[in-house]
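All remarks here apply to the structure that follows.
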Amino acid sequence: MLISWNVTRACNQRCLHCYRDAGVADADELDTDESVALTGEIARAGFKILVLSGGEPLMRQDIEALIAAAGDNGLRPVLGTNGTLLSKDVARRLKRAGLSRAGISLDSIAPPGHDSFRGDEDAWEKGVAAMRACKDESLEFQIHTTVTRNNWKEIGEISDLAVKLGAKAHHVFFLVPTGRGCSIEEDAITPAQVEELLRELLKKQQGLGIEIKPVCAPQFVRIAAEIGQPTRFTQGCLAGISYCCVLPNGDVHPCPYLPIKVGNVRETLFSQLWRKDPHFQKLRGQRYSGRCGECIHRVSCGGCRARAWASSGDYMGEDDGCIFSQQDVRADLRNGGEGDGA
């Protein structure tokens, strides 16, 4: 089980797709004592991996203390960062604090595309420099890429660059229209293109030497089975099942892209929210509506709950980002076929 914790909404970039609409820190963000206590509650709830994200988490002055507290509570702390503040000295201090791995954003094979998407001049060069700093300090890192219609044809090249730079993994995020991402919804690739890219990436992983993990594209589990590509993942969408998100002010959501508040850790212990909240119970029941409810891959895939919410306001509805949401493959779902996506 893993949890994402947006430790701050402060950020030094203005990314077009930001689900948290980050920029300025909220006045009511959890302080150090509250944050340290939360790491203990997260561990008591049974989580194993804690993703410290933002905003830009390195803008929090106590980030090393939070990393250390996570480790002290038996959690594996990892970091999601844009890399612009990650110097060799910072990498050294993060590793000393107990950070297991840094996830660094890179959205294009060349600087112009990445810098434009991130709203920050020299963002690409700074991100790659952060990766080299991590490598020099023996701190594991992986690359995070958000897919749009502008870069989807070069994702495989970014995977190759990840290998060249010494990354341990390449996590590929499929755009969900939430936060600032709502303003670029038209930049999301089509369901047919999602299918094409997932097949390409899963095949590419054979012999690549690092893990390629699609995010917010739960149908990758089905596709991996279809092409015979072994994967350690048995379930697509984990929202509310073995994954959730804590916001900077302590609000708890089923995932970072699904803006449904289930409670706040200042009012209810996180471990109690995780075990008893009705939203989580509903998600764990997997009684979806629409084509996700009819699909033979309902349990293993689950459809993206955040994308279902974005399109219909029903987080148990169908995921219109999947090729199986197309009318002409509906009969194939009932007959156990794959559909051709024509």
Inset, instruction - Please assess Thr84 against Arg118 for the test side chain to side chain donor-acceptor pair (under 3.5 Å), listing each intermediate value before the final yes or no. - result: CA-CA 11 Å; Thr84 59; Arg118 296 276 160 179; over 6 Å; no
Inset, instruction - Search all heavy atoms of Cys244 against all heavy atoms of Val252 and return the closest pair with its distance. - result: SG-CG1, 4.3 Å
Legend entry - Gap between atom CZ of Phe233 and atom CZ of Phe220 - 0.5 Å precision: 5.5 Å
Legend entry - 4.5 Å side-chain heavy-atom contact, Leu258 and His253: no
Inset, instruction - Answer yes when Glu34 and Arg266 have at least one side-chain N-carboxylate O distance shorter than 4.0 Å, and no when they do not. - result: yes
Inset, instruction - Apply ring-ring contact (aromatic ring centres under 6.0 Å, His included) to Trp309 and list each qualifying residue two or more places apart in sequence or on a separate chain. - result: none
Legend entry - Inter-residue atom distance Gln205.CD - Ile210.CD1, 0.5 Å rounding: 8.0 Å
Legend entry - Closest approach of Gln142 to Ala167 (non-hydrogen atoms, all atoms of both residues): CA-CB, 4.2 Å
Inset, instruction - Please collect all salt bridge (Lys or Arg N to Asp or Glu O under 4.0 Å) contacts where either partner lies in residues 63-74, sequence neighbours excluded, each pair once. - result: Glu64-Arg93
Using distance only, find each side-chain donor-acceptor pair of residues 120-134 under 3.5 Å and give its atom names and separation, not counting sequence neighbours.
| unit_1 | atom_1 | unit_2 | atom_2 | d |
| --- | --- | --- | --- | --- |
| Asp120 | OD2 | Gln13 | NE2 | 3.1 |
| Trp124 | NE1 | Ser108 | O | 2.9 |

Legend entry - Euclidean distance, Cys322 SG relative to Leu198 CG, rounded to 0.5 Å: 9.5 Å
Legend entry - With His144 via ring-ring contact (aromatic ring centres under 6.0 Å, His included) - residues at least two apart: His171, Phe173
Legend entry - Side-chain heavy-atom pair Pro254, Lys282 within 4.5 angstrom cut-off: no
Inset, instruction - Output every pair passing side-chain hydrogen bond (donor to acceptor under 3.5 Å, both in side chains) with a member in residues 42-55, not counting sequence neighbours, ordered by first then second residue. - result: Glu41-Arg44
Inset, instruction - Would you check if there is a donor-acceptor pair between the side chains of Glu56 and Thr8 at a distance under 3.5 Å? - result: no
Legend entry - Any side-chain heavy-atom pair of Ile42 and Asn73 under 4.5 Å: no
Legend entry - Student check: side-chain heavy atoms of Asn151 and His114 closer than 4.5 Å: no
Inset, instruction - Give the C-alpha distance, both sets of side-chain angles, the deciding distance and a yes or no for side-chain contact (heavy atoms from CB on, under 4.5 Å) between Cys245 and Tyr19. - result: CA-CA 12 Å; Cys245 176; Tyr19 61 83; 5.7 Å; no
Legend entry - Close side-chain approach of Val7 to Asp62, heavy-atom, < 4.5 Å: no
Inset, instruction - Please say whether the positively charged group of Arg20, taken as NZ for Lys or CZ for Arg, lies over the ring of Trp5, i.e. under 6.0 angstrom from the six-membered ring centre and within 45 degrees of the axis. - result: no
Legend entry - Contact list for residues 204-221, test salt bridge (Lys or Arg N to Asp or Glu O under 4.0 Å), sequence neighbours left out: Asp160-Lys204, Glu211-Arg232
Legend entry - By ring-ring contact (aromatic ring centres under 6.0 Å, His included) - contacts of Tyr288 (at least two apart): none
Inset, instruction - Check whether NZ of the Lys or CZ of the Arg Arg222 lies under 6.0 Å from the centre of the six-membered ring of Phe324 and within 45 degrees of that ring's axis. - result: yes
Inset, instruction - Please round to the nearest 0.5 Å and tell me the distance separating atom OG1 of Thr148 and atom CG of Leu175. - result: 7.5 Å
Legend entry - Of all pairs that satisfy side-chain hydrogen bond (donor to acceptor under 3.5 Å, both in side chains), the ones with a partner from residues 173-191, not counting sequence neighbours: Asp21-Arg180, Arg149-Asp187, Thr190-Gln193
Legend entry - Step-by-step salt bridge (Lys or Arg N to Asp or Glu O under 4.0 Å) determination, Glu200 to Lys153: CA-CA 10 Å; Glu200 174 191 328; Lys153 284 292 189 180; over 6 Å; no
Legend entry - ring-ring contact (aromatic ring centres under 6.0 Å, His included) against Phe117, all qualifying residues, sequence neighbours excluded: His17
Legend entry - Approximate separation, where rounding is to 0.5 Å, of Phe174 CZ and Thr146 OG1: 10.5 Å
Legend entry - Results of side-chain contact (heavy atoms from CB on, under 4.5 Å) for Lys276 - residues two or more places apart only: none
Inset, instruction - Flag the pair Tyr243 / Gln235 as yes when at least one side-chain heavy-atom distance between them is below 4.5 Å, and no otherwise. - result: no
Inset, instruction - Apply the test side-chain contact (heavy atoms from CB on, under 4.5 Å) to residues Leu94 and Leu58: give CA-CA distance (whole Å), side-chain angles for both, the deciding distance (0.1 Å), then the verdict. - result: CA-CA 10 Å; Leu94 294 176; Leu58 293 180; 4.0 Å; yes
Legend entry - Approximate separation, where rounding is to 0.5 Å, of Ile143 CD1 and Leu161 CG: 5.5 Å
Legend entry - salt bridge (Lys or Arg N to Asp or Glu O under 4.0 Å): pairs with one or both residues in residues 238-249, sequence neighbours excluded: none
Inset, instruction - Output, in order, the C-alpha distance, side-chain angles, deciding distance and verdict of side chain to side chain donor-acceptor pair (under 3.5 Å) for Asn12 and Asn82. - result: CA-CA 9 Å; Asn12 59 344; Asn82 59 42; 3.0 Å; yes
Legend entry - For Ser87, all residues meeting side-chain contact (heavy atoms from CB on, under 4.5 Å), sequence neighbours excluded: Asp89, Val90
